[in-house]
**Q** 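Take this structure first; my questions come after.
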Amino acid sequence: MLTIDDCIALSDLTEDEIDAIAEHEHLPEMVAVELGCCLVHAADGPRRIARIIRDDIENARSHGQARHADQLVVVLDGFVAHHPAL
């Protein structure tokens with residue numbers, strides 16, 4: 001049986017990237033893994049994931065959650081580093 005950690009490892013995304021997708025789309029983590037996996041392998045998917053993370057950053061800042069926004073900036077930086085075509 002696969003665990004959630006196994007599924008995240010197979011998605012080509014980090015747990016933090018999955019969490020950002022789940023937060024943005026209001027999805028359970030497992031559904032976010034599936035969505036993220038589909039997006040990261042789609043032609044415009046990495047760009048869409050980066051937009052999702054940017055939206056999460058803006059939302060956190062607008063709600064006075066500076067620490068969370070800073071954490072998401074680190075997630076975005078890591079994502080962009082692995083997808084330099086963005």
Side-chain angles (χ1 to χ4, degrees):
M1 175 183 259
L2 291 175
T3 67
I4 187 72
D5 292 331
D6 295 331
C7 293
I8 291 170
L10 293 169
S11 74
D12 294 327
L13 294 168
T14 68
E15 185 172 359
D16 290 335
E17 292 162 352
I18 295 296
D19 290 344
I21 293 168
E23 177 181 333
H24 187 269
E25 299 297 320
H26 307 285
L27 296 171
E29 187 176 32
M30 189 61 224
V31 178
V33 171
E34 294 176 53
L35 175 59
C37 186
C38 289
L39 285 174
V40 80
H41 295 106
D44 68 333
R47 187 177 326 272
R48 290 175 60 191
I49 292 171
R51 179 76 254 162
I52 285 170
I53 300 170
R54 286 186 188 102
D55 287 348
D56 287 346
I57 293 166
E58 292 171 19
N59 186 51
R61 286 182 178 152
S62 72
H63 286 92
Q65 300 171 335
R67 185 173 184 201
H68 183 53
D70 292 344
Q71 292 168 335
L72 288 166
V73 167
V74 172
V75 173
L76 180 61
D77 289 345
F79 184 77
V80 170
H82 286 99
H83 299 88
L86 292 175

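Just so you know, these numbers use all the heavy atoms, side chains as well, and skip hydrogens, waters and symmetry mates. These numbers were taken from a predicted model, which means no experiment stands behind them.
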**Q** side-chain contact (heavy atoms from CB on, under 4.5 Å) with Asn59: which residues, sequence neighbours excluded?
**A**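 Testing Asn59 for side-chain contact (heavy atoms from CB on, under 4.5 Å), a comparison that skips the adjacent residues, returns Ser62, His63.
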**Q** Decide side-chain contact (heavy atoms from CB on, under 4.5 Å) for Ile49 and Leu13; before the verdict, give the C-alpha distance in whole Å, the side-chain angles of both, and the deciding distance to 0.1 Å.
**A** CA-CA 10 Å; Ile49 292 171; Leu13 294 168; 4.2 Å; yes
**Q** If you measure from CD1 on Ile57 to CD1 on Ile52, what distance do you get to the nearest 0.5 Å?
**A**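 Interatomic distance, Ile57 CD1 to Ile52 CD1, rounded to 0.5 Å: 12.0 Å.
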**Q** Sequence neighbours left out, what passes ring pair (Phe, Tyr, Trp, His ring centres under 6.0 Å) with His83? Give chain and number order.
**A** Phe79
**Q** Not counting sequence neighbours, list each pair that qualifies as a salt bridge (Lys or Arg N to Asp or Glu O under 4.0 Å) and has a residue in residues 57-68.
**A** Arg51-Glu58
**Q** So, using side-chain contact (heavy atoms from CB on, under 4.5 Å) as the criterion, who are the partners of Asp6 when residues are at least two apart?
**A**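 With neighbours one apart ignored, the set is Leu2, Thr3.
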**Q** Under the side-chain contact (heavy atoms from CB on, under 4.5 Å) criterion, do Leu76 and Leu72 qualify, and how do the steps go?
**A** CA-CA 6 Å; Leu76 180 61; Leu72 288 166; over 6 Å; no
**Q** List the atom pairs, donor and acceptor, that lie under 3.5 Å between side-chain atoms in residues 33-45 and the rest of the protein, sequence neighbours left out.
**A**
from, atom 1, to, atom 2, distance (Å)
His41, ND1, Cys37, O, 2.8
His41, NE2, Asp12, OD2, 2.7

**Q** Only distances under 3.5 Å count here; give the side-chain donor-acceptor pairs of residues 18-32 to other protein atoms, sequence neighbours excluded, each with its distance to 0.1 Å.
**A**
from, atom 1, to, atom 2, distance (Å)
Glu23, OE1, His68, NE2, 2.9
Glu23, OE2, His68, NE2, 3.2
His24, NE2, Asp55, OD2, 3.0

